[in-house]
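These values consider heavy atoms only, across backbone and side chains, with no hydrogens, waters or symmetry-generated copies. What you see is a predicted model, and the numbers here were worked out from it, not measured in a lab. Nothing fancy with the numbering, it's 1 onward along the sequence.
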Amino acid sequence: MLFLRTPLGEERIFALQPPFGGAWNRMHAEPEQPWASPVPAQNLGKFRKDKDRVAQKERDGRQQRDGTSLSQPSTPTPDDATDAATAKISAVMMASGTSDLRSNAATVGSNGLEMEEEMKLPDRQHSNGTVTTPAYRGNDMSVEANSAHKGADHDVPETTPNGARPQPPGTRKGSSPLAPAFMVSAPGKVIVFGEHAVVHGKAAMAAAISLRSYLLVTTLSKSQRTVTLRFPDISLSHTWNIDILPWAAFHSPSKKRKYYDLVTALDPELVEAMQPHLTAVSSDAPPAEQKIQHAAAAAFLYLFLSLGSQQSPPCVYTLRSTIPIGAGLGSSASTCVCISAALLLQSHALAGPHQDQLSEEAEKQLERINRWAFVGELLIHGNPSGVDNTVASGGKAVLFKRADYNKPPSVARLGDFPELPLLLVDTRQAKSTAAEVAKVAHLRTTHPAVAGHILDAIDKVTESAHALIASADFDSNNLAALQHLGELVALNHGLLFSLGVSHPKLEKLRGLVDDADVGWTKLTGAGGGGCAITLLRPTTTSSSSSSSPSPSKFQTLQTRLEAEGFEIYTTTLGGDGVGVLMPAVLTNGSAEVGGEVIDQDKFLRAEGREGVESLVGVVGGGAGGERGEWRFWRP
Ligand SMILES: Nc1ncnc2c1ncn2[C@@H]1O[C@H](COP(=O)(O)OP(=O)(O)OP(=O)(O)O)[C@@H](O)[C@H]1O
Ligand SMILES: C[C@@](O)(CCO)CC(=O)[O-]
């Protein structure tokens with residue numbers, strides 16, 4: 001039987017900050033947008049089962065199915081071979097500290113992004129007397145992408161009437177080396193209190209989990225004018241020709257957004273301009289599968305067109321996740337955070353996380369990533385509150401509230417976790433967040449007074465839980481305190497059930513846990529399937545450290561849960577948010593000089609969740625501890 005734990009291995013939950021209001025602030029219940037992708041449950045279930053099979057297919061070199069696919073980036077040209085070798089050498093040199101590519105960092109702004117805000121970042125005085133300018137130095141991830149970028153910039157011809165800048169076939173760019181591959185990673189989350197109500201302006205309490213998505217960014221030879229997605233978890237593999245993408249629409253003066261803008265809604269004209277480039281994605285896949293793939297592709301493409309430029313380096317973006325998809329654990333938000341962070345890094349709009357980074361600087365970078373991740377979530381969910389991407393960006397635990405969608409949300413970081421033993425179980429009934437959120441919006445239209453009261457009641461539950469946990473004398477080993485919190489958990493579930501977002505499998509799960517009398521259970525995330533959390537009851541009434549029900553009770557429960565086909569997850573609560581591995585090289589006990597270079601092939605070949613974690617996991621490595629090569633923005 002497994003628990004959610006803090007990174008220190010303790011079972012804890014949050015010490016909360018200032019009180020939050022319960023006002024009914026906003027009815028944010030627009031109908032689902034046409035580009036949002038309700039994900040049919042049965043298909044997501046299939047994807048989860050098939051994850052490894054799909055990865056195998058990728059390994060077997062399955063060809064892309066879409067009509068617009070270009071040459072497979074994995075088939076190297078002689079130029080590629082030279083560039084790839086150079087990139088590997090650069091990566092290893094960087095990893096072993098024998099190369100200083102930082103001097104390349106001076107070129108900025110060639111990506112079309114506005115750079116003036118970045119220029120305002122304060123220089124930092126180090127204890128040794130040196131000063132670094134955060135955007136361009138330190139352990140600066142953005143630097144290396146620059147060389148490829150600059151080369152592209154020089155050779156770009158005038159635009160054609162449709163705004164595209166065609167590349168003459170066979171054109172050989174300048175001889176700058178390829179940017180080494182790098183990775184980003186972001187966590188999933190559990191919502192402890194307040195899901196759905198948070199979409200309607202109430203507060204929610206949520207924490208990062210240790211299940212994560214990992215995105216590998218591999219730069220191609222400049223002679224290839226392509227951008228490729230390889231998302232094997234959802235059987236998506238697609239290549240676009242960079243030069244024919246709708247840059248003119250996205251970069252017209254009235255449409256172009258700055259990398260630090262707060263974008264709270266999608267631009268329908270831009271969504272429209274993207275459509276022809278999405279229709280070719282997985283065009284021969286079954287419709288339900290295609291919806292899932294289109295949602296992910298749309299999120300990527302909108303961000304790529306917003307943050308990149310026609311001079312963006314040709315790249316392959318390979319994503320693998322250990323988070324079950326459509327299970328309420330924030331898989332989409334984690335994906336969007338990875339994409340946002342990678343594109344912002346490539347656009348030189350972020351200083352990579354580095355030692356001695358000031359808290360406010362880290363916060364600013366995270367905010368930037370989070371804002372664009374929210375835009376990705378708009379494409380997948382239609383109407384997200386932003387809590388998932390906020391946790392996936394910043395990690396740890398938060399009390400989140402978005403009263404006004406035109407303003408940034410209020411986010412109180414919950415720095416300290418009181419002990420709280422939780423059990424996380426997945427019904428493996430896949431669902432669509434967009435569909436569940438739309439259900440609640442519909443209920444608000446058909447039964448406004450009743451639905452309004454239910455949402456208000458959820459707000460009160462979150463408020464009470466916050467007050468309880470934040471109180472100085474809260475002790476999760478104390479039965480009375482835990483009983484009180486547990487009752488709030490059960491109340492929250494009952495209210496979510498009333499909103500119509502539970503599922504027979506979630507009720508079955510709850511029944512089994514109730515029968516075992518081990519604690520209090522609620523669904524977590526959007527519901528309609530997916531996961532539930534159980535706050536475990538202590539076996540003793542004393543404040544002893546043994547706060548869990550007896551092993552035999554657990555054993556019986558575990559057997560019964562597994563017999564129903566439910567899956568019990570091991571994870572820790574409150575870990576780091578988005579992280580960067582630049583270059584994509586890990587020690588991994590490798591005999592390779594400078595460490596093991598993580599390339600596409602190795603990454604795709606990693607077997608399942610364990611394989612991904614043991615190859616690249618932010619925690620994993622030989623001793624199972626944190627891998628020091630991963631860096632995080634830590635506010
Ligand atoms: N590993 C992944 N690879 C590619 N795309 C993914 C991946 N995980 C999620 N997605 C995208 O996100 C969508 C799932 O989002 P959805 O909101 O329905 O589930 P969730 O984020 O897991 O749950 P919740 O929002 O309740 O936490 C998928 O349809 C897909 O488009
Ligand atoms: C159901 C919901 O409240 C949580 C999904 O994880 C939706 C959202 O907040 O965007």
Side-chain angles (χ1 to χ4, degrees), residues 28-39 66-70 111-113 159-166 225-229 231 234 236 238-259 261-285 287-310 312 317 332 335-336 339-340 343 347 371-384 389 405-406 432-435 437-438 441:
H28 188 80
E30 291 91 355
E32 200 178 303
Q33 292 148 347
W35 50 85
S37 171
V39 185
D66 63 272
T68 61
S69 294
L70 301 173
N111 53 2
L113 290 176
T159 54
T160 60
N162 70 358
R165 294 181 174 189
R225 300 297 305 144
T226 58
V227 58
T228 293
L229 297 187
F231 291 181
I234 59 166
L236 171 63
H238 188 80
T239 297
W240 289 285
N241 180 337
I242 294 177
D243 291 325
I244 63 165
L245 291 174
W247 298 109
F250 274 76
H251 287 235
S252 73
S254 63
K255 300 288 184 192
K256 180 78 184 115
R257 294 284 166 266
K258 298 183 177 75
Y259 64 91
D261 276 348
L262 175 68
V263 179
T264 55
L266 299 172
D267 184 321
E269 285 175 30
L270 297 183
V271 172
E272 189 57 37
M274 241 177 29
Q275 286 315 314
H277 303 275
L278 289 174
T279 46
V281 174
S282 329
S283 51
D284 61 350
E289 189 172 322
Q290 205 184 52
K291 266 187 179 170
I292 291 163
Q293 293 161 344
H294 276 190
F300 174 85
L301 197 55
Y302 198 95
L303 264 55
F304 182 67
L305 287 163
S306 300
L307 295 172
S309 77
Q310 198 177 345
S312 289
Y317 296 84
S332 63
T335 304
C336 290
I339 294 169
S340 166
L343 294 175
S347 304
R371 285 184 178 190
W372 284 101
F374 180 74
V375 176
E377 282 279 84
L378 283 168
L379 282 138
I380 295 178
H381 279 190
N383 187 20
N389 48 279
Y405 271 66
N406 294 314
S432 153
T433 302
V437 168

Please name the pair of heavy atoms, one in [X] and one in [Y], separated by the smallest distance, quoted to 0.1 Å.
X: Leu305; Y: His251; answer: O-NE2, 3.1 Å
X: Ala295; Y: Ile380; answer: O-CG1, 3.6 Å
X: Trp372; Y: Ser340; answer: CB-OG, 3.3 Å
X: Cys336; Y: Gly376; answer: SG-C, 3.5 Å
X: Asp267; Y: Lys255; answer: OD2-NZ, 2.8 Å
X: His294; Y: Leu278; answer: NE2-O, 3.0 Å

To the nearest 0.5 Å, tell me how far [X] [atom1] sits from [Y] [atom2].
X: Arg371; Y: Lys258; atom1: CZ; atom2: NZ; value: 12.5 Å
X: Glu377; Y: Asn383; atom1: CD; atom2: CG; value: 11.5 Å
X: Thr264; Y: Leu378; atom1: OG1; atom2: CG; value: 8.0 Å
X: Phe300; Y: Leu343; atom1: CZ; atom2: CG; value: 5.5 Å
X: Gln290; Y: Ile234; atom1: CD; atom2: CD1; value: 11.5 Å
X: Glu272; Y: Leu266; atom1: CD; atom2: CG; value: 13.0 Å

What I'd like to find out is whether the side chain of [X] reaches to under 4.5 Å of the side chain of [Y], using heavy atoms alone.
X: Trp240; Y: Val281; value: yes
X: Ser332; Y: His381; value: yes
X: Gln293; Y: Phe231; value: no
X: Thr228; Y: Tyr317; value: no

**OP:** Walk me through it: do Leu270 and Tyr302 pass the test side-chain contact (heavy atoms from CB on, under 4.5 Å)?
**Re:** CA-CA 8 Å; Leu270 297 183; Tyr302 198 95; 4.0 Å; yes
**OP:** Carefully, step by step, assess Val227 and Leu301 under the rule side-chain contact (heavy atoms from CB on, under 4.5 Å).
**Re:** CA-CA 10 Å; Val227 58; Leu301 197 55; 5.8 Å; no
Ignoring hydrogens and angles, tell me if any N or O in the side chain of [X] forms a donor-acceptor pair with the backbone of [Y] under 3.5 Å.
X: Gln275; Y: Val271; result: yes
X: Arg225; Y: Gln310; result: yes
X: Asp261; Y: Val263; result: no
X: Trp247; Y: Ile242; result: yes

Original post:
Please walk me through it: do Arg257 and Ser306 pass side-chain contact (heavy atoms from CB on, under 4.5 Å)?
Top reply: CA-CA 7 Å; Arg257 294 284 166 266; Ser306 300; 5.7 Å; no
Subject >> Tyr259/Ser347 under side-chain contact (heavy atoms from CB on, under 4.5 Å): CA gap, chis, key distance, verdict >> reply: CA-CA 9 Å; Tyr259 64 91; Ser347 304; over 6 Å; no
